[in-house]
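Chain letters run A, B, ... following the sequence lines, proteins first and then strands; every chain starts at 1.
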There are 2 protein chains.
Amino acid sequence: MDGGRRGAEGQQGQRPVAASPLRRQTVTAMVADHIAGKIIGGEYPGGHQIRQEAIAAELGVSRIPVREALLQLEADGLVVIRTHRGAVVSELSAEDAVDLFEARLQLEPFLVGKAIERVSDGGIAEVETSMRAYERAIARGDDPKELSRLNWAFHTALLEPAGRPRSMAVVQTLFNSADRYLRLQIEPAKAQAKALREHRELFEAFRRRDAAETARLLTRHIADAAGEIVAQLRHEAAG
Amino acid sequence: MDGGRRGAEGQQGQRPVAASPLRRQTVTAMVADHIAGKIIGGEYPGGHQIRQEAIAAELGVSRIPVREALLQLEADGLVVIRTHRGAVVSELSAEDAVDLFEARLQLEPFLVGKAIERVSDGGIAEVETSMRAYERAIARGDDPKELSRLNWAFHTALLEPAGRPRSMAVVQTLFNSADRYLRLQIEPAKAQAKALREHRELFEAFRRRDAAETARLLTRHIADAAGEIVAQLRHEAAG
DNA sequence: TATTGTAAGATTGGATCCAATTCAGTTTGG
DNA sequence: CCAAACTGAATTGGATCCAATCTTACAATA
């Protein structure tokens, strides 16, 4: 969800402790997180015009960090900037969704295979941890934004052991660009139960270090989500 | 090579013609192109510190557009920015090269397959055009930067008909990040002859709309380049 | 009426100036 | 003699102000 924004050096310990434990955060990074949150949370829908002055006033900063934040968000695929016309929350056509998901389908199964080749027991434990966190969040009925974050954390845990940071960054961007549309699909209880079951199957195969099976499950997992999102987008476009 | 920088609305007709044909270019875009050129051309080697003030003075602009240009270049993978520490031309380890090229190996053969499904006769003609432009440039002995640009134009022509702009953007970024290291490999006459032969084979298979063969050739083409670059990087790291 | 031209307001792009952080060299205390 | 603390310049991050561009509404003309 974060996209690797720099500036935050760790958790943000809210309280003003003495000898403040490194809560250094550049204003640009704060603004970027703020806007990204609104977009991912659906508060700024696709097509929404983002006015620099409005954001600046809202956060009590100047327009400079807002502009630089928008540039980063454009790199993450969340907004589109046109010269002298400002930033608009990027919209996703059905074709774009197919585009993004098929790219993920090429990359993620491959990466998970590499991950299984190299993963340590600790890495497997981390996958289990993030899976359980996701399950707990569903049980608690957490909001979609949090669910999305944890869903992505699970995917990250699966792929991270591959040791391919550049590919991971690409996959992250692809995910970010479609993320908020997945939110609609992940809400219904039925879809949640399905995602949960698929995550468990994935983890089981991963734990057994069964590369072929894991790749197959991951492919199906992504393709399923893609199918539903594309159907939804086509439906919206028609209606 | 461009990465889709905005601001240029067409060719830049140098002369100050009456009714100037839309030579509008934002300063940020100019600066970004300038720095990108230096990096790709090898003038700024990996690890080189980029000082905002120096660039600003050199181009006679303020530091604001320089900073924003650097943000765009970071998205293109050409520089790395660390808070309060400025931008450094990104370096490529052998592991990074493997990372980048294997990602391309997942995406490009897939995309060329899609391209063949959908390509028109005009699209095939464009591939031939860009291939011939590359051949002429080699015959003329053009500089490595120009060769790199034309090599990429050929790849673009092969993949563009797939109609997958998001995937294309990803591939472009992956290419940009390794591009300038390929320069070293592309210079020797022997390597040039090989690249040229492979391009011809690719075009032939593409023209026949032989998806399987084209994908196979493209895979080998990319893998070959990857192998040489990785070997070179390992050599440098050792020596 | 449809189209073109024009002017005012809104909005973004860029320059200049100030603040915060980093870094290199030096000093100080052990 | 070395490590830690300090001091200054160098450098980046951010605020304020000005310029360039776009948008919208309205008027003029065919």
Side-chain angles (χ1 to χ4, degrees), chain A residues 4-10 12 16 19-35 38 44 47-75 78-90, chain B residues 4-10 12 16 19-35 38 44 47-75 78-90:
Chain A
R5 222 112 43 220
R6 90 196 64 71
E9 218 74 8
Q12 37 191 43
S20 166
L22 268 275
R23 189 169 58 80
R24 217 141 351 131
Q25 168 107 334
T26 181
V27 174
T28 298
M30 281 180 47
V31 175
D33 287 345
H34 175 84
I35 302 176
K38 298 261 190 181
Y44 295 161
H48 176 82
Q49 265 273 13
I50 298 182
R51 300 293 176 196
Q52 299 176 5
E53 183 60 42
I55 306 280
E58 185 185 343
L59 301 182
V61 300
S62 87
R63 274 173 39 233
I64 297 283
V66 175
R67 271 159 58 181
E68 299 189 348
L70 288 173
L71 281 174
Q72 295 182 202
L73 295 179
E74 187 183 37
L78 290 181
V79 306
V80 175
I81 302 179
R82 285 188 311 168
T83 307
H84 284 291
R85 272 175 227 184
V88 173
V89 177
S90 60
Chain B
R5 223 121 31 227
R6 91 197 61 73
E9 219 73 8
Q12 37 191 47
S20 166
L22 269 275
R23 189 167 58 76
R24 219 147 346 138
Q25 168 106 339
T26 181
V27 174
T28 297
M30 282 181 46
V31 175
D33 287 345
H34 175 84
I35 302 177
K38 298 261 189 180
Y44 296 162
H48 176 84
Q49 264 274 12
I50 298 181
R51 297 295 174 196
Q52 297 177 5
E53 182 60 42
I55 306 281
E58 184 184 344
L59 301 182
V61 300
S62 87
R63 275 173 38 231
I64 297 282
V66 175
R67 270 159 57 181
E68 299 189 349
L70 289 172
L71 281 173
Q72 294 183 203
L73 295 180
E74 187 183 38
L78 290 182
V79 305
V80 175
I81 302 180
R82 286 188 309 167
T83 308
H84 283 292
R85 271 174 225 184
V88 173
V89 177
S90 60

* To do: Please state how far atom CD in A:Q25 lies from atom P in D:dG13, giving the value in whole angstrom units.
  => 14 Å

* Could you please spell out the steps behind the side-chain contact (heavy atoms from CB on, under 4.5 Å) verdict for B:E68 and B:V31? => CA-CA 9 Å; B:E68 299 189 349; B:V31 175; over 6 Å; no

* Asked: Under 4.0 Å between a side-chain N/O of A:T83 and OP1 or OP2 of C:dG13, yes or no?
  -> no

* **DNA chain D contacts among residues 56-69 of chain B, heavy-atom distance under 4.0 Å** => B:R63, B:I64, B:R67

* **Heavy-atom check, side chain of A:T28 versus side chain of A:Q72, under 4.5 Å** => yes

* **side-chain contact (heavy atoms from CB on, under 4.5 Å) involving B:V80 - partner list, sequence neighbours excluded** => B:S90

Identify each atom pair where a protein N or O and an N or O of nucleotides 8-11 of chain C are less than 3.5 Å apart, giving names and distance.
residue : atom : partner : partner atom : Å
C:dT11  : O3'  : A:R51   : NH1          : 3.1

* Does any pair with a residue in residues 49-66 of chain B pass salt bridge (charged side-chain N to carboxylate O under 4.0 Å, His left out), and if so which ones, sequence neighbours excluded? -> B:K38-B:E58

* Do any N or O atoms from the side chain of B:E74 and from the backbone of B:I81 form a donor-acceptor pair under 3.5 angstrom? -> yes

* **Rounded distance (Å) that lies between atom C1' of C:dT21 and atom CZ of B:R82** => 13 Å

* **A:L71 CG to C:dT12 C1', straight-line distance once rounded to whole Å** => 12 Å

* Asked: Within this structure, what is the CD1-to-P distance between A:I81 and D:dC22, rounded to whole angstrom?
  -> 16 Å

* Short side-chain N/O contact to C:dG13 OP1/OP2 from B:T28, under 4.0 Å -> no

* To do: Kindly write out the residues that satisfy ring-ring contact (aromatic ring centres under 6.0 Å, His included) with A:H48, not counting sequence neighbours, or none if the list is empty.
  => A:Y44

* **A:R85 to A:Q49 - nearest heavy-atom pair and separation** => O-NE2, 3.5 Å

* Asked: Would a 4.5 Å heavy-atom cut-off, applied to side chains only, mark B:I55 and B:I50 as touching?
  -> yes

